[in-house]
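For clarity, every value in this text was computed on a predicted model and none was experimentally measured. Just so you know, ligand 1 is whichever comes first in the structure, and atom 1 is the first atom listed for that ligand.
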Amino acid sequence: MIMEKALPASRFFRLEPLCQGVYAAIVKDGTGALGNAGIVDLGDRTLVFDTFQSPVAAADLKTAAEYLTGKPVSLVVNSHWHNDHVLGNQVFEGSLIVSTDATRNLIKERVSSFIQTVIEHPEYPDYLFEMAEKESDPKRKDEWIRNANDARHAGEFHLYRLTPPNVTFREWLWIDGSKRSVLIQAMGGGHTEDDAIMLLPEDRVLFAADLVTVGFHPAMKYGNPDAWLDILDKLCEMEFDRVVPGHGTVGERKDVEVMKQYISNIKQAAAGIGYSRQDVIQCVMAELYREWASPGLFWANISSLCQR
Ligand SMILES: [Zn+2]
């Protein structure tokens, strides 16, 4: 029996082993890490999937990956352009940082303006704490507090350097390692204008980034719900048993079905098909999604679709 090394601890994330040499890095709330990441030991190389929002958290991820695999991180994958998955790139300078062409362009276009906006609004975390004070609903209060704590690292943003991907692909990329192989597949626009996943066929593990969330409301503001549903159908055809989501805990195949149901519910609620506002609260929210984190996104998702 081959023993795994003891898992390194981080204040930003906890590592969940999925099989030997494959780890989900599940973020801890309110630390500024924000989006889940992954570590894959390819044998001759080490790969990291997504890099959190905080470079300080990403530095912990790099240290953990190098400790666990005994090799430097030579490959980084960015699933999509959102800052909470790519702003840690700067600690992997010198590595190959891989994304689709479109995601690279979106990172260059949008993430630098996000950094600038945060620097120009140092009052934002205080505003979120004030909103938490005023909130009476306990779930929403938790959400405000978590968001406020996540925003507290805004003071570090002047140290952030936009580090876009330096290798791009259009459709898919197959990386053959000496220990295992991975498929990085462009899925088109669903959660954002362009999303990619990573499949470990031999290990039956899917890194789905924000195309799948588990126990956590997804963000649909930049998405296309119809295309997203088509992508989820394609994910269901892939061979995997466990899915690492962009937000929430490690899930199973059924969680992809749950995500399909969620997006269908949001579409129906936005279209007013068979739902009154009260129905949405009582039937959809109460029964299915009451325990999910970030409940404010539920209403934001409905209203973003209503405005189209
Ligand atoms: Zn995202």
Side-chain angles (χ1 to χ4, degrees), residues 12-13 24-27 29 31-38 48-55 57-58 61 76-89 97-100 102-115 117-118 143 146-147 150-151 160 162-165 184-198 206-225 227-232 235 243-251 255-256 258-260 262-263 266 292-298 300-301 304-305:
F12 296 101
F13 57 85
I26 304 296
V27 297
D29 285 347
T31 61
L34 283 158
N36 292 337
V48 157
F49 184 84
D50 283 344
T51 61
F52 303 135
Q53 173 149 303
S54 158
L61 182 70
V76 173
V77 178
N78 285 159
S79 59
H80 64 296
W81 70 266
H82 282 164
N83 36 278
D84 55 332
H85 295 260
V86 306
L87 268 177
N89 282 4
I97 304 178
V98 176
S99 77
T100 65
T103 290
R104 179 176 187 272
N105 293 338
L106 287 161
I107 288 171
K108 289 176 80 172
E109 185 185 312
R110 298 191 185 163
V111 178
S112 54
S113 63
F114 171 75
I115 294 171
T117 304
V118 173
E143 182 178 19
R146 196 191 62 237
N147 289 343
D150 275 324
Y160 287 18
L162 180 66
T163 309
I184 303 161
Q185 174 88 49
M187 303 305 294
H191 163 66
T192 60
E193 294 84 344
D194 205 46
D195 297 283
I197 58 91
M198 183 171 73
L206 173 68
F207 286 83
D210 287 358
L211 289 166
V212 179
T213 55
V214 176
F216 207 108
H217 289 269
M220 296 176 69
K221 182 179 169 186
Y222 300 97
N224 175 331
W228 196 335
L229 286 169
D230 289 343
I231 289 172
L232 293 172
L235 296 187
V243 57
V244 180
H247 299 273
T249 52
V250 173
D255 292 297
V256 181
V258 172
M259 187 69 12
K260 281 167 64 178
Y262 179 95
I263 292 167
I266 295 286
W292 286 25
S294 280
L297 281 173
F298 184 80
N301 287 338
S304 79
L305 294 200

Using 2.8 Å as the threshold, say whether any N, O or S atom from His85 sits that close to the Zn ion (ligand 1). no

The Zn ion (ligand 1) is nearest to which N, O or S atom of Asp210? OD2

Grab the two heavy atoms, one from Phe216 and one from Gly248, that are nearest each other, plus how far apart they are. CD1-N, 4.0 Å

So, do Ile197 and Phe207 sit near enough that their side-chain heavy atoms are less than 4.5 Å apart? no

Using the ring centroid of each side chain, check whether Trp292 and Tyr262 are separated by less than 6.0 Å. yes

The Zn ion (ligand 1) - closest N/O/S atom in His82: ND1

At their closest point, which heavy atom of Asp84 faces which heavy atom of Leu34, and how far apart are they? CB-CB, 3.6 Å

